[in-house]
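All remarks here apply to the structure that follows.
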Amino acid sequence: MKNKSKIFTIVLFCCFILSIAFNAYNLSERFKLQDKYDKIKQSNNKLSAKNKNLTSENKRIRSLYMDQAHDQIDLQDNYSSLKGKYNFLSYKYADLQKKYDKLKKSSVYSKTSGSDLSDDSSSTSQIVYITDYGNKYHASGCKYLKKSSIAISKSEAIQRGYSACSECNP
């Protein structure tokens, strides 16, 4: 029985040694896995930080995009408004050009027939002056006649819708 107990002790000792070796191997693998886990966790934390930064940057870019979209809409509205004003002013300019051309023709007539007019002060024969740009008629020497002056009879000026200048009171 002593041999059996020795064999049993040897088998038990071998099992104990194998158990220690297996535990040592498992412990080594556990440390390797723990190291891999720590590296993956560290990488995950870095990626989470990058994701947070990119999310923040994405929000900032979206905000800028929305601001630019609103600015573009405002610019389009302003463009449409300005285009409408331009069209109106172009029409008004063409209309004023026609009036100017008529006035030019009539001023030539007024200049040639001005010697025929009498010197009495009635509004039908009194000479007044209009400008290219205003809606008032003026007396000779008025400060508003510096840029242009077109001679015309007072009655014709009134007929065309001009009113008297409040400065020179013709």
Go through the structure and list residues passing salt bridge (Lys or Arg N to Asp or Glu O under 4.0 Å) with [X], not counting sequence neighbours.
X    : answer
K143 : E167
D71  : none
K147 : none
K39  : D35

Self-check item: Working for side-chain contact (heavy atoms from CB on, under 4.5 Å), residues S28 and K32
Solution: CA-CA 6 Å; S28 170; K32 286 179 185 176; 4.0 Å; yes
Quiz item: Sequence neighbours excluded, which residues qualify as side-chain contact (heavy atoms from CB on, under 4.5 Å) partners of R62?
Solution: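 Applying side-chain contact (heavy atoms from CB on, under 4.5 Å) to R62 gives N58.
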Quiz prompt | Check against side-chain contact (heavy atoms from CB on, under 4.5 Å), K4 and F8 | solution = CA-CA 6 Å; K4 279 188 179 185; F8 182 70; over 6 Å; no
Is any side-chain heavy atom of [X] less than 4.5 Å from a side-chain heavy atom of [Y]?
X   : Y    : value
Y79 : K83  : yes
K99 : K102 : no
F16 : I20  : yes

Quiz item: Would you say the side-chain atoms of S48 pair up with the backbone N or O of N44, donor to acceptor, closer than 3.5 Å?
Solution: yes
Self-check item: Transitive ILVMFWY cluster of V11, excluding itself - 4.5 Å side-chain cut-off
Solution: I7
Quiz prompt | Steps toward side-chain contact (heavy atoms from CB on, under 4.5 Å) verdict (F22, L18) | solution = CA-CA 6 Å; F22 185 71; L18 283 175; 6.0 Å; no
Quiz item: So, D38 and Q34: side-chain donor and acceptor under 3.5 Å apart, yes or no?
Solution: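 Yes, a side-chain donor-acceptor pair sits under 3.5 Å.
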Practice problem: Give a yes or no on this: more than 12 heavy atoms of other residues, nucleotides or ligands lie within 6.0 Å of atom OH of Y133. | Solution: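 More than 12 within 6.0 Å, yes.
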Quiz item: Of I150, I152, I158, which is the lone residue that meets side chain to side chain contact (heavy atoms under 4.5 Å, CB included) with Y137?
Solution: I158
Quiz item: Is it true that V128 and Y144 fall in one hydrophobic cluster, defined by side-chain heavy atoms closer than 4.5 Å?
Solution: no
Exercise. Indicate, with yes or no, if Y100 and I130 share a hydrophobic cluster defined by side-chain heavy-atom contacts under 4.5 Å among Ile, Leu, Val, Met, Phe, Trp and Tyr.
Key: no
